[in-house]
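Structure, as C-alpha cells:
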Amino acid sequence: MSVLVYVEQVEGKFKKSVFEAVSYAKAIADQQGTSLSAISIGNVADSELNELGKYGASKVLKVEADQLKNFVNQAYASVIAEAAQKEGANIIVLSNSFSGKGLAPRVAVKLKAGLVDGAVELPTTDGGFSVKKTAFSGKAFAIATLTSENKVIALNPNAFGVKENAASVTIETFSPEVKSSDLTAIVKEIVRATNKVSLPDAEVVVSGGRGLKGPENWGMVEELADLLGAATACSKPVSDADWRPHSEHVGQTGIAISPNLYIAIGISGAIQHLAGVSSSKVIVVINKDPEAPFFKVADYGIVGDAFEVVPKIIAALKAH
Ligand code: FAD
C-alpha cells in the first residue's frame with residue numbers, strides 16, 4: 001500500500017498547485033505510514049522532477065512516450081491507473097485543476113476506486129476514511145466517506161498550501177503500453193503568449209464585472225493586478241461579450257478559485273458568480289450600489305465608483 005500523486009506539467013514545468021498536491025499526498029502517506037510516489041507524463045527535465053522531493057515525493061515515475069506529448073484524458077488516465085497498480089498504490093491524489101477534473105473520475109473507474117473531488121482538507125481516519133469537500137458548486141461543504149479499497153482524491157487548488165518536507169528522490173523511467181483506443185481524441189494546441197499569473201494558482205485575484213462598462217477600461221484592472229502580483233478574472237457577461245477571454249471567467253459555469261484575496265470590481269455578486277469565488281479567504285468588493293448582493297459575503301466593502309476608487313488604490317500602492 002502506498003500513495004501516488006499525479007504531477008501535471010505545463011510546458012515542462014510544474015505549477016504551485018502541483019507542489020500543493022504533492023504536499024497533501026505526502027501528509028496522507030505519513031498518516032497511513034507509507035511512502036509517496038509521483039507520476040509525471042510528458043517531457044520534464046530531471047532537475048524539475050527533483051523539485052518534487054522538496055515536498056516529500058521519494059520516487060518519480062517519468063513517462064515520456066511521444067503519443068503522450070499532448071494531454072489526452074483517456075490515455076493519461078490509463079497510464080496513471082497502470083502506475084498505481086505497478087506501485088501498489090491504493091490512494092491516488094490529483095489536483096482538481098481543469099485536467100484533474102477530467103482525469104480523476106476516469107482513474108477512479110479504472111481502479112474501481114471511490115472518488116472525492118474538490119477535497120479541501122486531509123482525510124480523517126478515525127472510524128473510516130472521510131474527506132471534507134466542496135459541494136453544489138462551492139456553495140456548501142460535504143463530508144465524503146470512502147469505503148472502497150482504492151481511493152482517488154482531487155484536491156482543490158489553494159486549499160491545503162505548499163509544505164516543504166524533504167525526501168531524496170529517485171527518478172525511474174516508466175514505459176506503459178499506450179493503447180490506440182485511448183488516443184482517439186483530436187488534440188488542438190492553442191498557445192497563448194502571456195507572462196501573467198495563472199488564475200487557478202493565484203494567491204491574489206483582481207476581477208472585473210459589467211460595472212466596468214467595456215474592455216477599454218480594463219487597463220486599471222491590469223495595473224492593479226500587476227502591482228499586487230495578481231491574476232485577472234471576470235464575470236460571465238464580461239467574457240460572453242468578449243471583453244475578456246473565457247479563460248478568465250469565474251463562477252458556476254467558469255472556473256472555481258480560492259485565492260487568499262479576491263478583489264471584485266463592478267460585479268453584482270450573483271449566486272452563480274459567488275459559486276466560483278466564495279471560498280476565497282478574504283473578499284474585497286468595490287461597487288457603487290450599497291445594495292449589491294456581493295457586500296453580504298464581503299470581508300471588506302467599498303461603496304463607490306470604481307473609476308474613482310481603483311485609481312486611488314493604484315496611486316496609494318505606488319506611493320509605498
Ligand atoms: P451586473 O449584474 O450587470 O452587475 C454590475 C455591477 O456593477 C452592479 O452591481 C453595479 O452596481 C456595479 N457597477 C456599475 N457601475 C459601477 C461603477 N462605475 N463602479 C462600481 N460598481 C459599478 N455569472 C458569473 O459571473 N459566473 C458564472 O459562472 C455564471 N454562471 C451562470 C450560470 C447560469 C445557469 C446563469 C443563469 C447565470 C450565470 N451567471 C454567471 C450570470 C449571473 O447570474 C450574473 O448575471 C452575472 O454574474 C452578472 O455579472 P456582473 O456582476 O458583472 O454584471
Side-chain angles (χ1 to χ4, degrees), residues 96-102 117-118 133-141 154 156-159 196 198-202 204-225 227-228 230-259 261-317:
N96 200 31
S97 60
F98 183 73
S99 48
K101 282 184 176 140
D117 59 341
K133 55 162 275 164
T134 51
F136 301 112
S137 307
K139 287 193 269 299
F141 291 110
N156 270 359
N158 279 333
K196 291 202 320 184
S198 122
L199 180 55
D201 288 317
V204 180
V205 174
V206 180
S207 187
R210 206 149 45 178
L212 288 175
K213 318 282 185 235
E216 66 282 5
N217 295 324
W218 241 263
M220 64 181 185
V221 175
E222 291 193 326
E223 192 175 2
L224 180 57
L227 285 166
L228 295 170
T232 48
C234 68
S235 65
K236 182 173 183 293
V238 163
S239 64
D240 285 349
D242 259 350
W243 295 359
R244 300 297 291 177
H246 279 286
S247 54
E248 289 195 1
H249 155 203
V250 289
Q252 183 182 322
T253 45
I255 52 173
I257 53 171
S258 33
L261 174 62
Y262 183 72
I263 303 177
I265 308 169
I267 304 177
S268 57
I271 190 151
Q272 297 89 354
H273 184 85
L274 297 182
V277 303
S278 56
S279 57
S280 306
K281 314 267 180 322
V282 174
I283 296 179
V284 176
V285 171
I286 303 167
N287 197 303
K288 69 176 186 184
D289 174 8
E291 301 298 324
F294 224 143
F295 284 121
K296 294 201 180 100
V297 297
D299 297 282
Y300 300 94
I302 302 173
V303 179
D305 187 331
F307 297 98
E308 289 170 19
V309 175
V310 176
K312 282 186 185 157
I313 298 175
I314 290 172
L317 286 168

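Indexing begins at 1, ligand by ligand and atom by atom, following the structure's order.
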Would a search of protein heavy atoms around atom 8 (C) of ligand 1 find one under 4.0 Å away? yes
Looking only at distances, please establish whether an N/O atom of ligand 1 is found under 3.5 Å from an N/O atom of Ala306. yes
Restricting to heavy atoms, the pick from Cys234, Gly266, Gly254 nearest atom 6 (C) of ligand 1 would be Gly266
Within the supplied structure, the quantity of interest is the number of heavy atoms (other residues, nucleotides, ligands) at a distance under 6.0 Å from Lys281 NZ; does it exceed 12? yes
Among side-chain atoms of Asn96 and Asn156, is any donor-acceptor pair under 3.5 angstrom? yes
Do any nitrogen or oxygen atoms of Phe307 lie less than 3.5 angstrom from nitrogen or oxygen atoms of ligand 1? no
If you take the nearest heavy atom of each of Arg210, Gln252, Glu308, His273, which one is closest to atom 53 (O) of ligand 1? Arg210
Tell me whether the count of non-hydrogen atoms from other residues, nucleotides or ligands lying under 6.0 Å of CD in Glu291 goes above 12. no
In the protein, which heavy atom is nearest to atom 52 (O) of ligand 1, and how far is it? Ser235 OG, 2.6 Å
Which residue and atom name correspond to the protein heavy atom nearest atom 44 (C) of ligand 1, and how close is it? Ala270 CB, 3.6 Å
Which class fits the ring pair Phe294 and His273: parallel under 30°, tilted 30 to 60°, perpendicular over 60°? perpendicular
Using a 6.0 Å cut-off, check whether atom CG of Leu317 has over 12 heavy atoms from anything other than its own residue. yes
Of the listed options (Ser268, Ser239, Gly211, Pro237), which comes nearest to atom 2 (O) of ligand 1 when hydrogens are ignored and any heavy atom counts? Ser268
Starting from atom 10 (C) of ligand 1, find the nearest protein heavy-atom neighbour and note its residue, name and distance. Asn287 OD1, 3.6 Å
